[in-house]
Amino acid sequence: MAQKHLAGFGLALLLGACASTPTPHPAKPSAPIIARPEAAAPLLREVRFSDLPDWQRTDLSPTLAALRRQCANWANLTPDRPLGGAYGGTVGMWLPACAAAQSVAPGGERAFFESYFTPAAVNIAGGEARLTAYYEPVITASRTPAPGLTEPLLLKPTDMVTVDLAGFALAYDDSTLRGAPRALTGQLQGNKVVPYPKREAIIPYQGQIIGYANPADVYNLQVQGSGRLGFLDGQQVRAAYAAQNGYKWRSALIALRDTGQVSGATWANMRSYFDANPGAAKSVLNYDPSYIFFAEEPITDPSAGPRGAASVPLTPMGSMAVDPSYHPYGALIYVDGVYDGAAFDRLVVAQDTGGAIKRGPLRGDFFAGTGPEAGRWAERMNSPVKMWTLIPKGAPIAMLDGAARG
């Protein structure tokens, strides 16, 4: 996750996948072709569908499912609502395609996308051109401590507050604040806001603990941003991303490998090490000052993933985390990469982000799905990537030539 959004991944972990799924929030208003002030608007160059590698063979059914979920979210917004990013336009520009998407029969996905969208190459230098993947773990948990299940999963603290610096920048017309992070996470102490404690200083309080799990599993859950908890009594719930303490993520798994305690940066190696050295888990995890808190949610649709930053349930093989400063949530993005030595070409919907994903318009983190098989798939995804986006037909031509005309 999310955000997002640092997957259960060997080499992909080294480069950083979806660190955490951020708290869902509405897209900030913006004109259709205006990017964030500190970055140039990406040039979207119109191309043909035949220019997209392997377009005629790629499976588009997960993409259509993800788009339908996105459209259900947009149905709650007014047509003039800006979608943000550098080329999102307004909700109304996407409504004709949303209406048609509901009646597309299996096998008709390609004709639908070609009828309602225009492809455009994402042409901009800078940033990181990299495609990784993340997934939703399913871990064993207990409501009370049990052998091997000793690390708590915590609800969002009641003393945690968020300072909206973007709001203060606007209110004070302060250019210095505009260059700061959009929001800060802090702790309320009397009438003061101070930085929230690092991982090592967080002390659970009564009523905050969802349950307990293996320390390696809890850390994996925090890195992925969310996951499913299978309790010993047979109940299964989702631990959804709720908040983060504000510190920059540092991989405890990488630290464990670099100190020679394990031979490779894998979750299996971390778990084996903790099983053999239970007293070492705290000190290893405390290398990472970042800490993710969760919300316990029922699983109403087992086929859907957790909600991403776009407030939409993620679709396995159909959703991706992106840098929302460039790509609006809901954008249709075609990726061209490599997986296990073969070409990997897929159309996905931008529905999530993460701290390690906010690195430019060509950085993506693919949502692989739920469970161990998805985790093994995600672990092997780490590829250079090229990207295209699909613009709704009838959109202003400036959206296809933003940097030149804007």
Side-chain angles (χ1 to χ4, degrees), residues 1-6 18-26 28 141 143-145 150-213 215 218-227 229 238-252 255 279 281-297 306-307 309 311 324 353-356 358:
M1 293 64 210
Q3 346 150 320
K4 283 158 19 69
H5 98 99
L6 309 172
C18 197
S20 61
T21 306
T23 305
H25 59 280
K28 60 181 180 180
R143 293 294 183 182
T144 57
T150 57
E151 184 71 16
L153 295 112
L154 303 183
L155 296 167
K156 180 181 178 179
T158 57
D159 61 353
M160 178 177 280
V161 295
T162 300
V163 179
D164 182 6
L165 288 186
F168 280 96
L170 182 63
Y172 296 161
D173 192 20
D174 190 303
S175 59
T176 302
L177 288 179
R178 288 195 189 95
R182 286 190 56 81
L184 293 178
T185 299
Q187 186 180 50
L188 191 61
Q189 292 185 356
N191 62 352
K192 293 179 60 178
V193 176
V194 300
Y196 208 81
K198 298 179 180 180
R199 175 186 294 270
E200 63 186 20
I202 292 175
I203 302 175
Y205 52 81
Q206 187 175 6
Q208 187 191 20
I209 299 175
I210 299 174
Y212 297 82
V218 172
Y219 190 60
N220 185 8
L221 206 69
Q222 292 179 320
V223 168
Q224 305 301 331
S226 62
L229 308 178
R238 175 170 281 126
Y241 175 93
Q244 192 254 0
N245 64 341
Y247 290 85
K248 186 177 180 179
W249 172 82
R250 292 192 304 179
S251 174
K282 285 290 185 185
S283 61
V284 171
L285 295 184
N286 284 343
Y287 174 82
D288 184 3
S290 173
Y291 194 91
I292 303 298
F293 300 93
F294 298 100
E296 182 177 336
E297 297 180 353
R307 288 184 180 273
S311 298
T353 191
K358 296 177 180 178

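Quick note: residue numbers are just sequence positions, from 1.
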Shortest non-hydrogen contact from [X] toward [Y]:
X	Y	answer
Val218	Ala213	CG2-CB, 3.7 Å
Leu154	Pro204	CD2-CB, 3.8 Å
Phe293	Leu155	CD2-O, 3.3 Å
Gly225	Tyr241	O-CB, 3.1 Å
Pro197	Asn245	O-ND2, 3.1 Å
Leu221	Gly227	CD1-CA, 3.3 Å

Kindly write out the residues that satisfy ring pair (Phe, Tyr, Trp, His ring centres under 6.0 Å) with Phe294, not counting sequence neighbours, or none if the list is empty.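 With sequence neighbours excluded, Phe294 shows a ring pair (Phe, Tyr, Trp, His ring centres under 6.0 Å) to no residue whatsoever.
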
With sequence neighbours left out, what residues match Tyr247 under ring pair (Phe, Tyr, Trp, His ring centres under 6.0 Å)?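 With sequence neighbours excluded, Tyr247 shows a ring pair (Phe, Tyr, Trp, His ring centres under 6.0 Å) to no residue whatsoever.
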
* All side chain to side chain contact (heavy atoms under 4.5 Å, CB included) counterparts of Pro215, not counting sequence neighbours ->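 With sequence neighbours excluded, Pro215 shows a side chain to side chain contact (heavy atoms under 4.5 Å, CB included) to Thr150, Glu151, Phe274, Ala281, Leu285, given in chain and number order.
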
| said: Which residues pass the side chain to side chain contact (heavy atoms under 4.5 Å, CB included) test with Val194, not counting sequence neighbours? | reply: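 Val194 satisfies side chain to side chain contact (heavy atoms under 4.5 Å, CB included) with Gln187, Gln189 once adjacent residues are dropped.
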
For residues 165-177, the salt bridge (charged side-chain N to carboxylate O under 4.0 Å, His left out) pairs (sequence neighbours left out) are Asp173-Arg178

**Asked** Which of these, Val163, Thr162, Thr185, sits in a side chain to side chain contact (heavy atoms under 4.5 Å, CB included) with Val193?
**Response**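 It is Val163, the one option of Val163, Thr162, Thr185 that forms the side chain to side chain contact (heavy atoms under 4.5 Å, CB included) with Val193.
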
For residues 193-212, the side-chain hydrogen bond (donor to acceptor under 3.5 Å, both in side chains) pairs (sequence neighbours left out) are Asp159-Tyr196, Arg199-Gln222

Taking Asp164 for its side chain and Ala183 for its backbone only, find out whether a donor-acceptor pair lies under 3.5 Å.
-> no

* Identify, with sequence neighbours excluded, every residue that meets salt bridge (Lys or Arg N to Asp or Glu O under 4.0 Å) alongside Arg143. =>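 With neighbours one apart ignored, the set is Glu296.
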
One should read off an interatomic distance between Leu188 CG and Thr158 OG1, to the nearest 0.5 angstrom, of 10.0 Å

**Message:** Test of understanding: with side chain to side chain donor-acceptor pair (under 3.5 Å), list the residues that count as partners of Ser290, not counting sequence neighbours.
**Reply:**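 Checked Ser290 against side chain to side chain donor-acceptor pair (under 3.5 Å); matches are Gln244.
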
